[in-house]
Participant: 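Please read through the structure below; I'll follow up with questions.
Here the structure is a predicted model, which means the values were calculated and not measured.
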Amino acid sequence: MNRVKRKLDRDVTSKRVRSENNTAIEYLSNELFLEIFDYLDAYHICKAFTNLNKRFQDLLSSSSLRLKAIIKSNDQSFGFDDQMNCIVQYKHQFVSLSLYDSTFIDRFFQTITFDSFFQRLESIVLENLNPCDLLSILLKLIRVPRLSLLILTVCNGHAIPDFSNVYRIILGLPMIQYSKLSYLGPTPLLLLRNISDQYSTLKRLNLDHACQSADLVYLLSYTPCLSHLCCRTLKPSHQMNEKLAVSVPYLTYLSLVECDLHFYELEIFIKKLASQLRTFRILVLKDTTYLDHKRWERLITTHMPYLSHLRLGINQIMIDSLEITPYHHHIQGFASQFWVEHRWTFDIRVITCDSSRVIISYLIGSDKKRRKFIPDRSSSSTTLFLLEQSRLTDYHAGLIDKLAVLFTLVQIQWLSLQYRTTFAGILLDVLRHLPNLKILQIRSLSLDEPRYLNDEEKEIYRSISTNNQIKSLYIKEVTELAQIQFLIDLCSSLQYLIIDNLSNLSMKSVLELILFKNYEHVSRLRKLVINIREPCQRTLMEAQNMVHSDERCNKHAVSLYAGKYIHIQKRN
């Protein structure tokens with residue numbers, strides 16, 4: 001037994017000595033160096049290891065080495081000449097070039113010859129390109145045989161650019177998989193009629209610029225492998241070739257960041273290419289015809305049968321008053337059985353831009369993030385009224401009165417106030433119009449700024465506190481106990497209470513106020529959640545001791561969730 005033990009001790013000692021002797025960087029394997037190099041810029045690798053010794057010189061010439069260049073500044077201290085020499089010397093090793101400096105890009109394409117030595121190059125990112133140089137650069141990239149990812153950002157010019165030949169070249173790249181062309185100017189020319197009989201290998205296409213619908217349809221007629229399509233602004237065309245056949249059988253993702261088409265034009269567009277869509281995102285500006293839920297139901301059922309993720313936004317500008325069109329009377333239909341079965345919700349977001357301009361966004365679709373703490377997750381038809389505010393503006397006086405007509409058309413069950421601080425009087429102003437409210441979210445409450453409640457508001461407070469249906473209350477931050485007391489008194493039917501930040505308040509004082517001082521008032525409370533920010537077993541034990549020390553709370557279970565949320569839940 002002792003002999004075996006001595007042998008094991010010698011083996012362990014021998015391994016420890018070898019380990020202590022092999023701590024120098026030279027003892028790392030080539031495989032590990034290659035993995036480390038994968039996270040570094042090529043210039044820094046070359047600068048550190050070129051001519052260091054034969055081993056690293058061989059490693060830099062290895063076919064397993066994949067070099068990447070990321071050049072962002074025209075500051076000469078970055079050694080542009082050295083970086084250029086590095087790319088020239090090791091160009092057969094490069095798999096990625098990301099050039100964000102226009103001066104360097106000009107010098108680069110004047111100096112570098114794109115020949116067969118760039119046979120491994122797969123990804124190119126170029127920013128701040130001059131529209132006049134775009135075509136000449138692309139003509140050189142034709143010679144890169146394995147290019148699969150191409151991202152181009154073009155600077156705004158004085159003239160409307162012509163992207164016709166640009167896309168002809170992109171579509172003709174033999175191994176292209178992803179392409180993104182960004183341009184913030186007016187709608188460029190894009191004439192792609194009968195460009196060739198050869199189809200593109202593109203799978204992901206991002207037109208980060210304005211585009212006419214007919215032009216986009218012609219472009220898609222050459223991309224049968226496309227699975228993801230994104231267009232920043234889709235404009236109407238003078239005429240759409242409805243007979244043009246478009247086959248994109250793998251297209252599962254479509255995003256129209258801004259859509260200026262009339263609804264009937266969008267229907268023509270969708271019918272051509274959306275039969276396999278799983279995800280559809282679209283934002284419409286000003287056109288309320290898109291609020292026709294029955295029209296959407298027919299379009300989705302007939303032409304998008306596999307759609308599971310929808311994000312439809314319709315923006316309306318309100319200046320002096322809210323214009324109600326006949327289509328506003330359809331919005332309650334977005335809570336019908338069709339939308340419930342798909343788990344798509346209808347939201348209204350009101351954004352105060354300045355003293356006179358308000359944006360009202362009607363949002364339909366999937367939104368799982370906002371259901372994080374809400375217990376009734378099965379109620380996908382719950383309506384959210386999300387009230388936001390620009391940082392530079394104050395609460396728009398009379399805003400809720402102007403929106404009152406909208407509340408007669410849809411039942412608001414969920415209110416989220418996203419002001420940095422909401423004055424109690426504003427909260428009451430909103431709640432008096434929302435008798436069906438069940439969920440209330442608020443970032444922070446002020447009881448005395450810009451003033452104290454007047455007599456009329458106190459009367460409204462008493463009326464709301466006895467008649468409202470609020471069951472779930474989420475508070476982002478509380479700074480004083482009076483804020484909690486105000487909200488508890490207001491929500492007499494409260495079942496779920498979540499506090500995300502106690503600021504300078506102690507856990508003990510908050511629990512005493514809610515569970516002990518207001519025990520009778522919160523008798524329906526089933527769950528209390530408090531974010532303690534930092535994981536702390538001591539805080540958990542303190543909460544457990546407090547709750548279990550009172551006979552009235554013996555049936556409450558106290559636990560720690562996700563390391564920072566104290567859960568106090570009434571047992572059934």
Side-chain angles (χ1 to χ4, degrees), residues 34 37-51 56-155 157 161 163 165-183 201-202:
L34 291 173
F37 289 168
D38 200 43
Y39 291 92
L40 300 177
D41 178 73
Y43 171 67
H44 296 123
I45 295 173
C46 296
K47 185 176 181 181
F49 295 97
T50 298
N51 299 325
F56 285 112
Q57 202 63 39
D58 291 341
L59 193 60
L60 290 177
S61 302
S62 169
S63 60
S64 300
L65 180 62
R66 295 166 56 89
L67 292 178
K68 303 173 184 177
I70 303 175
I71 301 174
K72 295 184 177 181
S73 173
N74 58 4
D75 187 346
Q76 293 302 316
S77 64
F78 281 79
F80 270 24
D81 290 335
D82 293 336
Q83 293 187 67
M84 188 81 75
N85 292 335
C86 172
I87 295 175
V88 171
Q89 183 176 357
Y90 296 100
K91 58 183 177 179
H92 59 288
Q93 306 292 94
F94 275 89
V95 296
S96 173
L97 295 176
S98 299
L99 313 179
Y100 300 96
D101 179 82
S102 56
T103 302
F104 184 83
I105 291 174
D106 290 341
R107 293 174 56 189
F108 179 82
F109 280 93
Q110 290 173 7
T111 305
I112 298 292
T113 300
F114 281 84
D115 49 28
S116 59
F117 288 107
F118 272 108
Q119 58 187 342
R120 299 181 63 192
L121 190 58
E122 300 172 0
S123 168
I124 294 181
V125 179
L126 304 175
E127 280 200 5
N128 300 315
L129 294 173
N130 189 314
C132 300
D133 299 331
L134 184 57
L135 196 58
S136 61
I137 289 175
L138 283 173
L139 287 171
K140 293 186 177 182
L141 297 184
I142 293 176
R143 304 175 185 177
V144 182
R146 299 184 62 181
L147 185 62
S148 61
L149 183 147
L150 181 62
I151 299 177
L152 307 171
T153 302
V154 180
C155 301
F163 287 165
N165 289 325
V166 169
Y167 276 104
R168 285 189 176 93
I169 294 174
I170 293 174
L171 293 175
L173 294 173
M175 296 189 67
I176 192 70
Q177 300 285 305
Y178 176 88
S179 173
K180 178 180 179 181
L181 176 57
S182 299
Y183 174 70
T201 58
L202 266 174

Participant: Please report the interatomic distance CG(Leu59) to CG(Leu65), rounded to the nearest 0.5 Å.
Facilitator: 6.0 Å

Participant: Can you spot which of Ile45, Asp41, Val95, Asp38 makes a side-chain contact (heavy atoms from CB on, under 4.5 Å) with Leu67?
Facilitator: Ile45

Participant: Would one find more than 12 heavy atoms of other residues, nucleotides or ligands at under 6.0 Å from atom NZ of Lys140?
Facilitator: yes

Participant: Can you tell me how far the CD1 atom of Ile71 sits from the OG atom of Ser98, to the nearest 0.5 Å?
Facilitator: 9.5 Å

Participant: If you take all heavy atoms of Ile137 and Ile105, which pair is closest and at what distance?
Facilitator: CD1-CG2, 4.2 Å

Participant: Under the side chain to side chain contact (heavy atoms under 4.5 Å, CB included) criterion, do His92 and Arg120 qualify, and how do the steps go?
Facilitator: CA-CA 6 Å; His92 59 288; Arg120 299 181 63 192; 5.8 Å; no

Participant: Out of curiosity, Arg66 CZ to Ser96 OG, how far, rounded to the nearest 0.5 Å?
Facilitator: 9.0 Å

Participant: Measuring from Ile112:CD1 to Phe118:CZ, what's the distance to the nearest 0.5 Å?
Facilitator: 5.0 Å

Participant: Assess the residue pair Leu150 and Leu138 against the criterion (side chain to side chain contact (heavy atoms under 4.5 Å, CB included)); give the C-alpha distance rounded to whole Å, side-chain angles, the decisive distance to 0.1 Å, and a yes or no.
Facilitator: CA-CA 10 Å; Leu150 181 62; Leu138 283 173; 3.8 Å; yes

Participant: Shortest non-hydrogen contact from Val154 to Pro131?
Facilitator: CG1-CG, 3.5 Å

Participant: For the backbone of Gln57 and the side chain of Ser61, can you confirm whether one donor and one acceptor N or O come within less than 3.5 Å of each other?
Facilitator: yes

Participant: Just how far is it from atom CD1 of Ile170 to atom OG of Ser179, taken to the nearest 0.5 Å?
Facilitator: 4.0 Å

Participant: Which atoms form the tightest heavy-atom contact between Phe104 and Met84, and what is the distance?
Facilitator: CE1-CE, 4.0 Å

Participant: Students often mix this up, so state it plainly: with edges at 30° and 60°, are the rings of Phe163 and Tyr183 parallel, tilted or perpendicular?
Facilitator: perpendicular

Participant: Do the side chains of Leu126 and Phe108 get nearer than 4.5 Å, heavy atoms only?
Facilitator: no

Participant: Only counting residues at least two apart or in another chain, list the ones meeting side-chain hydrogen bond (donor to acceptor under 3.5 Å, both in side chains) with Asp133.
Facilitator: none

Participant: Given side chains that start at C-beta, do those of Asn130 and Asp106 come closer than 4.5 Å, heavy atoms only?
Facilitator: no

Participant: Go through Gln177 and Leu202 one step at a time and tell me if the side chain to side chain contact (heavy atoms under 4.5 Å, CB included) criterion holds.
Facilitator: CA-CA 4 Å; Gln177 300 285 305; Leu202 266 174; 6.0 Å; no

Participant: Nearest heavy-atom pair of Cys46 and Cys86: which atoms, and what distance?
Facilitator: SG-SG, 2.9 Å

Participant: Can you tell me how far CG of Leu141 sits from CG of Leu97, rounded to the nearest 0.5 angstrom?
Facilitator: 9.5 Å

Participant: Would you check, one step at a time, whether the test side chain to side chain contact (heavy atoms under 4.5 Å, CB included) holds for Ile70 with Tyr100?
Facilitator: CA-CA 8 Å; Ile70 303 175; Tyr100 300 96; 4.0 Å; yes

Participant: Under a 3.5 Å distance rule, please check whether Glu122 uses its side chain to pair with a backbone N or O of Leu149 as donor and acceptor.
Facilitator: no

Participant: Are the side chains of Leu181 and Tyr167 in touch, meaning some heavy atoms are under 4.5 Å apart?
Facilitator: yes

Participant: Write down the atom of Thr201, the atom of Pro174, and the distance for their closest heavy-atom approach.
Facilitator: CG2-O, 3.5 Å

